[in-house]
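First, the structure itself, so that you have it in front of you.
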Amino acid sequence: MRPLLEVDRLSKSYGDLPVLRDVAFHVDEGESLAILGPSGCGKSTLLRILLGLEGYDAGEVRGPVDRAGYLPQDALLFPWKTVVQNAELPLQIRGVDRKRRREEVASRLPSFGLAGFEDAYPHELSGGMRQRAGLLRAVVSGAAVLVLDEPFGALDTLTRHRLQDWLSGLMSELHRTMLFVTHDLEEAVVLADRVLVLSGRPAGVIGERGISLSREERSDRLSPLFYREKDGLLSMIRKGDER
Amino acid sequence: MRPLLEVDRLSKSYGDLPVLRDVAFHVDEGESLAILGPSGCGKSTLLRILLGLEGYDAGEVRGPVDRAGYLPQDALLFPWKTVVQNAELPLQIRGVDRKRRREEVASRLPSFGLAGFEDAYPHELSGGMRQRAGLLRAVVSGAAVLVLDEPFGALDTLTRHRLQDWLSGLMSELHRTMLFVTHDLEEAVVLADRVLVLSGRPAGVIGERGISLSREERSDRLSPLFYREKDGLLSMIRKGDER
Amino acid sequence: MKGKNGWKGYRWFVSLGLIALLWYGVTAIFRVPTYLFPSPAVTVRAIVSDAGFLGRHVAITIVETLAGFGMAVFAGVTVAILMNASRLSRDLIYPPLVLSQAIPLIAIAPLILIWFGLGILAKVLIVAFVCFFPIAVNAYEGFRSVDPALRDLLEAFGAGRADRYRHLYVPATLPGILAGLKIAATYSVLGAVVGEWLGGSLGIGVYMTRALQSFRTDRLFGAILVVMLLSLCLFKLVDGASRRLTPWMERRDHD
Amino acid sequence: MKGKNGWKGYRWFVSLGLIALLWYGVTAIFRVPTYLFPSPAVTVRAIVSDAGFLGRHVAITIVETLAGFGMAVFAGVTVAILMNASRLSRDLIYPPLVLSQAIPLIAIAPLILIWFGLGILAKVLIVAFVCFFPIAVNAYEGFRSVDPALRDLLEAFGAGRADRYRHLYVPATLPGILAGLKIAATYSVLGAVVGEWLGGSLGIGVYMTRALQSFRTDRLFGAILVVMLLSLCLFKLVDGASRRLTPWMERRDHD
Amino acid sequence: DLEAVSIALDWTPNTNHTGIFVAQDLGYFADAGLEVAVLQPGPTGSVQLVGSGHADFGVSMEEYVTMARAQGIPVVSVAAVFPHNTSGFAAPADRGIVSPADFAGKRYGGWGSALEEVMIETVMGMEGADPASVTMVNIGTIDFVTAVRRDLADFFWIFYGWQGIHAEIEGIEFTYIPLRELADVLDYYTPVIITSEEMIATRSETVRRFIGALACGYVYAATHPDEAAEILLAHAPELDRDLVIASQRWLADQGLKTVDGWGDQELEVWARFADWAFANGLIDRPIDPEEAFTDGFVPAGEGE
Ligand SMILES: Nc1ncnc2c1ncn2[C@@H]1O[C@H](COP(=O)(O)OP(=O)(O)OP(=O)(O)O)[C@@H](O)[C@H]1O
Ligand SMILES: Nc1ncnc2c1ncn2[C@@H]1O[C@H](COP(=O)(O)OP(=O)(O)OP(=O)(O)O)[C@@H](O)[C@H]1O
Ligand SMILES: [Mg+2]
Ligand SMILES: [Mg+2]
């Protein structure tokens with residue numbers, strides 16, 4: 001597989017605040033990459049740079065993502081659009097006709113637990129429902145790359161597990177590339193082929209770990225195999241924290 | 001201890017959508033109560049009703065909370081206020097003079113990992129930092145009751161653990177009452193004296209469980225005792241899910 | 001919903017009734033002479049007795065107002081979009097815009113008459129000229145305060161400029177644009193009247209000048225009343241449209 | 001930051017220069033007679049040669065404008081707060097507000113002169129009257145579109161009405177209020193001039209009527225130029241204040 | 001087919017304009033081969049419209065023509081509607097003002113124009129009274145009757161045929177001193193019919209036919225005031241009916257009742273006023289009175 005995206009010695013500051021320092025990694029096509037790191041280290045900033053929404057000070061980004069299925073950290077639904085209108089927006093921008101857009105969205109609504117809320121405005125949704133609507137929008141967009149910023153942060157355990165499993169199945173089915181930020185080790189193990197661990201601000205890559213579990217192994221969160229991967233990540237993070 | 005707050009057969013609908021059905025529970029003074037429940041079931045709505053921000057259709061709420069240290073689910077910082085100005089707002093409303101407010105906020109900033117961001121505006125913060133600033137605002141307010149809607153949802157594991165332990169210590173020290181929503185079983189075990197488990201929408205109470213761990217036991221998240229409590233909660237939730 | 005709207009409309013009438021009562025009270029209690037400040041009764045009588053030819057004047061004014069207002073909405077939003085295109089375009093367009101609004105129309109009346117004639121065209125242009133400014137300013141200032149995070153999100157989805165306006169700038173700014181429209185609607189009829197005042201042979205403004213010149217204060221006030229009611233109607237129209245155009249705001253309106 | 005501001009100021013001057021050039025071009029190419037449309041040179045000459053007594057007129061107009069504008073800001077925000085108090089107060093206050101703005105000032109000039117005299121008071125009131133409306137509408141419509149979640153949050157903190165305005169309504173609405181202020185600033189000088197036009201013995205409006213009656217178009221245009229520049233100055237003042245008053249918007253401004 | 005011409009009124013239609021509407025309605029213009037459009041500019045009057053050729057004719061006054069020509073606006077007076085000035089000073093009867101000498105120490109209510117000041121100085125100076133003792137009160141756009149009722153000032157300058165008649169109808173008791181009785185220089189023409197130098201140079205025949213028809217219109221108005229008033233009212237029903245009829249009747253005695261000689265203007269009147277205006281600073285350069293008007297088009301055909 002050829003790298004879809006390559007980041008080389010990327011650095012970025014906001015004014016006097018260095019946020020990224022010499023970050024380097026790559027994402028292969030069809031792969032799912034998780035980014036872990038402490039709060040405020042620069043994960044969202046990194047995603048925004050890759051999407052071309054933010055400039056950077058030094059380094060190189062090869063093959064930035066033009067048109068991604070992007071879920072920002074705070075879901076960011078358009079307050080003047082209903083759930084369906086929000087979800088179909090990327091398709092609408094791509095010029096897909098109304099009927100196909102609506103079908104596409106309608107078919108996914110139940111998996112996201114949003115059936116019956118088609119015409120609700122964002123302020124009429126719960127926090128978790130907003131996040132799910134945002135995820136639906138990203139997934140439904142049909143973009144080749146999914147870029148998700150903490151996609152399940154606001155969900156309860158059971159709903160989260162259900163959606164994680166569903167997404168994991170979808171990804172391996174469609175062979176789409178996915179890049180996501182998470183603060184949940186379990187989530188990284190369930191969804192990622194590879195995990196990138198970042199240090200505290202200014203963020204640099206302090207470790208990388210491939211997850212070589214089968215789909216079945218991933219979904220059994222209590223199995224020793226799963227636990228081993230999780231533990232491996234945790235010790236990587238702890239090491240980074242001590243430095 | 002006398003009940004600070006008593007809720008009796010509370011019901012609430014949004015239009016045709018029943019959200020709460022016959023919810024009944026109480027909160028004692030000085031106690032810490034966790035509310036668990038699936039996404040979209042009505043947890044945030046329940047908190048809002050208790051705070052007097054939302055009406056309800058039937059039932060009774062005795063002793064609603066006037067002035068609480070409230071952290072809404074999406075942090076809701078005022079975009080035109082800096083971190084310090086946001087954090088000191090409840091104190092300012094209570095008429096505390098500027099010097100004392102600033103001192104109070106400044107002394108807490110480091111525990112929240114916000115030192116150096118005193119004068120940053122919310123849009124210059126990361127998602128997790130915004131949540132922490134919102135929590136800081138609630139804690140610093142000095143209100144007798146803390147009402148927190150998913151206080152650590154956007155934080156990475158380590159930061160979350162650190163803040164959970166810090167808050168747990170603070171609560172047992174100050175003997176303040178706390179009512180919080182979480183989707184994280186671990187968090188419930190670490191912080192709560194008692195856990196209320198709600199069913200899916202319309203939410204009703206499907207179980208209640210006291211957590212009788214000592215402070216030390218709570219902070220060791222890998223101990224068998226801790227695990228037992230967590231597992232107890234999980235099975236209660238599973239049961240609710242099956243119904 | 002129905003009932004609520006009914007009650008709201010009713011309250012507007014209550015307000016108008018109170019004003020009429022106040023007006024009546026002032027003229028009755030202070031015995032203000034008719035040549036200064038005619039009572040509502042005298043005024044309404046003047047309107048009724050002149051209804052025949054006043055109607056023709058009013059019709060022309062309405063046409064001018066609506067045409068001008070329509071042009072203003074279009075021009076205002078267009079100018080706002082142009083200013084929003086870049087900092088440079090803003091700095092080049094804003095000054096002449098402000099300057100243009102500071103021109104006393106009466107002072108350049110001869111030019112207006114010479115360039116646009118004494119017919120309906122000049123009046124339509126004046127209405128458009130008076131009305132487009134608050135719309136343009138409100139729309140532009142609204143565009144400027146749009147949440148950049150939403151703008152970025154659209155960009156990530158590959159949205160072009162048209163998409164940005166359609167899905168973000170216009171809906172986000174709609175409350176502001178509509179506030180501008182309300183201000184403009186209020187001014188629009190007056191704009192037409194001022195235009196007629198500058199010269200012409202039909203319209204409420206003409207009726208007014210003639211009434212004023214022959215010292216018929218009752219007619220003058222009748223005309224003022226008509227102008228005010230027309231303005232109010234247009235305002236209510238915009239207000240109604242505003243409710244319909246921002247359903248997401250309506251639903252969260254608390255009372 | 002400094003340099004950026006310098007460049008922005010510079011661009012405004014470029015814009016003004018372009019307008020002057022256009023003006024000059026029109027008069028030069030089409031050979032418009034001076035009594036219709038004097039060239040910039042003739043106009044400036046008129047200003048310079050009349051500088052002595054024109055200065056006195058201008059001074060009075062500036063005083064009227066500033067006093068009236070100040071009153072308008074106060075009145076506008078106050079009225080907006082009153083309307084925001086309840087749906088009832090809105091429905092009772094909005095109609096008379098709209099009606100009041102639809103009154104043709106020229107038509108009721110005698111009343112104004114009799115009630116408020118020919119002195120400075122009447123002009124100040126007219127400026128305030130003209131300017132407060134866009135401020136009130138923008139402020140009120142802004143208040144109405146404030147995020148209810150933030151309002152609830154304040155309530156949970158035990159905030160009273162004053163706190164709500166201080167911490168939420170006013171800052172949230174500031175961009176809208178400032179847009180209203182910009183519109184008002186643009187109209188303010190013109191308001192004073194129209195007031196002077198109705199009657200008085202000092203002020204740019206008086207200078208204008210006299211110039212107009214003796215067919216001194218050069219003087220008339222000189223006065224118009226002064227009015228426009230005064231308006232622009234006031235506008236720039238509000239614009240500058242607006243940047244200072246909304247630092248959270250400035251920092252996120254992208255260019 | 002008819003030749004199209006236009007005439008711009010000064011301000012709104014009033015009894016000064018009746019002849020125009022009469023000529024239009026009774027077909028005098030059509031008989032002269034003209035199709036006349038009556039333009040009604042607002043407060044700015046007709047001078048710029050006529051000067052720039054956007055109107056062929058206009059209604060104006062001698063003082064405006066004088067000032068306009070001083071500013072290089074090429075307008076020419078081609079007919080005087082009335083042979084004498086119909087304006088004058090009016091005062092409430094109880095002030096006992098019967099001559100300019102009585103102005104001393106009184107309040108004058110006007111709109112603060114230079115012409116008014118100079119006029120009062122002139123008439124008081126002739127009687128040896130001190131113009132400085134008069135308080136100039138600016139009453140802006142307030143009309144005579146209202147100003148009297150509110151006691152805003154002691155004496156005013158009015159057009160008798162309109163404000164004076166209005167005051168009569170309203171039952172105001174007042175004394176009136178016509179300008180023409182005070183000083184020859186103040187007996188200038190108001191209103192006058194103007195056209196542009198360009199029209200005179202290129203369409204003199206049209207001008208002649210137009211003035212001829214207009215003369216018939218004004219003479220009809222002078223001889224049939226009631227019928228003429230109805231014609232005006234038909235064109236401007238917004239005007240007060242009683243005022244228009246009374247005004248028309250009063251003006252009937254001010255205008256000529258024969259077409260011959262209607263519209264005649266005298267060089268002396270123009271020269272006198274121009275000199276006076278220049279001497280008193282009303283215009284800042286002298287004008288040639290011979291160019292300001294021409295008698296060449298009025299029906300009598302005396303010519304120069
Ligand atoms: N203002 C509103 N108008 C209409 N429906 C609403 C409104 N607020 C909430 N709801 C609905 O009420 C239900 C409960 O919402 P609530 O926010 O209380 O859920 P929650 O338990 O907090 O969920 P989460 O864990 O996802 O935050 C949801 O189905 C939501 O759509
Ligand atoms: N627009 C901005 N202006 C200034 N500083 C910013 C801006 N955006 C982010 N920052 C700063 O950059 C740092 C990294 O922010 P970022 O949002 O990338 O963190 P994160 O890793 O996503 O954290 P979290 O897990 O809490 O979401 C933070 O310290 C934040 O204060
Ligand atoms: Mg982030
Ligand atoms: Mg919630």
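Here is how names work: the chains are called A, B, and so on, in the same order as the sequence lines, proteins then strands, and each is numbered from 1.
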Legend entry - Where R219(C) and P237(E) come nearest, the two heavy atoms and their spacing: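 Residues R219(C) and P237(E), closest heavy atoms: NH1-O, 3.4 Å.
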
Legend entry - Interchain contact, L243(E) with chain C, by part (heavy-atom threshold 4.5 Å):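 When you check distances to chain C, only side chain atoms of L243(E) fall under 4.5 Å.
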
Legend entry - Residue among T44(E), V145(E), L239(E) with most heavy-atom pairs under 4.5 Å to chain C: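 Top option by heavy-atom pairs under 4.5 Å: L239(E).
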
Legend entry - chain E contact via L111(C) - which portion, at a heavy-atom distance below 4.5 Å: neither

Inset, instruction - Taking the side chain as every heavy atom from C-beta outward, state whether Y35(C) and T146(E) have any atom pair closer than 4.5 Å. - result: yes

Legend entry - Over 12 foreign heavy atoms within 6.0 Å of CD, E170(E):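 For E170(E), atom CD is crowded (more than 12 foreign heavy atoms under 6.0 Å).
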
Inset, instruction - Of all the heavy-atom pairs spanning L198(C) and P43(E), show the shortest one and how long it is. - result: CA-CD, 4.3 Å

Legend entry - E238(E) versus R210(C), closest heavy-atom pair with distance: OE1-NH1, 3.0 Å

Inset, instruction - Heavy-atom distances under 4.5 Å only: say whether L118(C) touches chain E with side chain, backbone, both or neither. - result: side chain

Legend entry - Reported OG-to-CZ distance for the pair S214(C) and R241(E), which is rounded to 0.5 angstrom: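 The OG atom of S214(C) sits 12.5 Å away from the CZ atom of R241(E).
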
Inset, instruction - Measure the CG-CG distance between D240(E) and D218(C) for me, rounded to the nearest 0.5 Å. - result: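 It is 8.5 Å, given to the nearest 0.5 Å.
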
Inset, instruction - Please step through side chain to side chain contact (heavy atoms under 4.5 Å, CB included) for the pair L36(C) and R150(E), ending with a clear verdict. - result: CA-CA 10 Å; L36(C) 269 187; R150(E) 314 294 303 183; 3.0 Å; yes

Inset, instruction - Provide the closest heavy-atom pair for S52(E) versus I114(C) in the form atom of the first, atom of the second, distance. - result: OG-CD1, 3.4 Å

Legend entry - Reported CD-to-CG distance for the pair Q40(E) and L113(C), which is rounded to 0.5 angstrom: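 Answer rounded to 0.5 Å: 12.0 Å.
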
Inset, instruction - Can you tell which part of F53(C) gets under 4.5 Å to a heavy atom of chain E, answering side chain, backbone, both or neither? - result: side chain

Inset, instruction - Heavy-atom pairs under 4.5 Å with chain E are the metric here; pick the option from G199(C), A211(C), G52(C), S201(C) that has the most. - result: G199(C)

Inset, instruction - Over all heavy atoms of both residues, which pair between W162(E) and Q213(C) is shortest? Give the atoms and the distance, please. - result: NE1-O, 2.8 Å

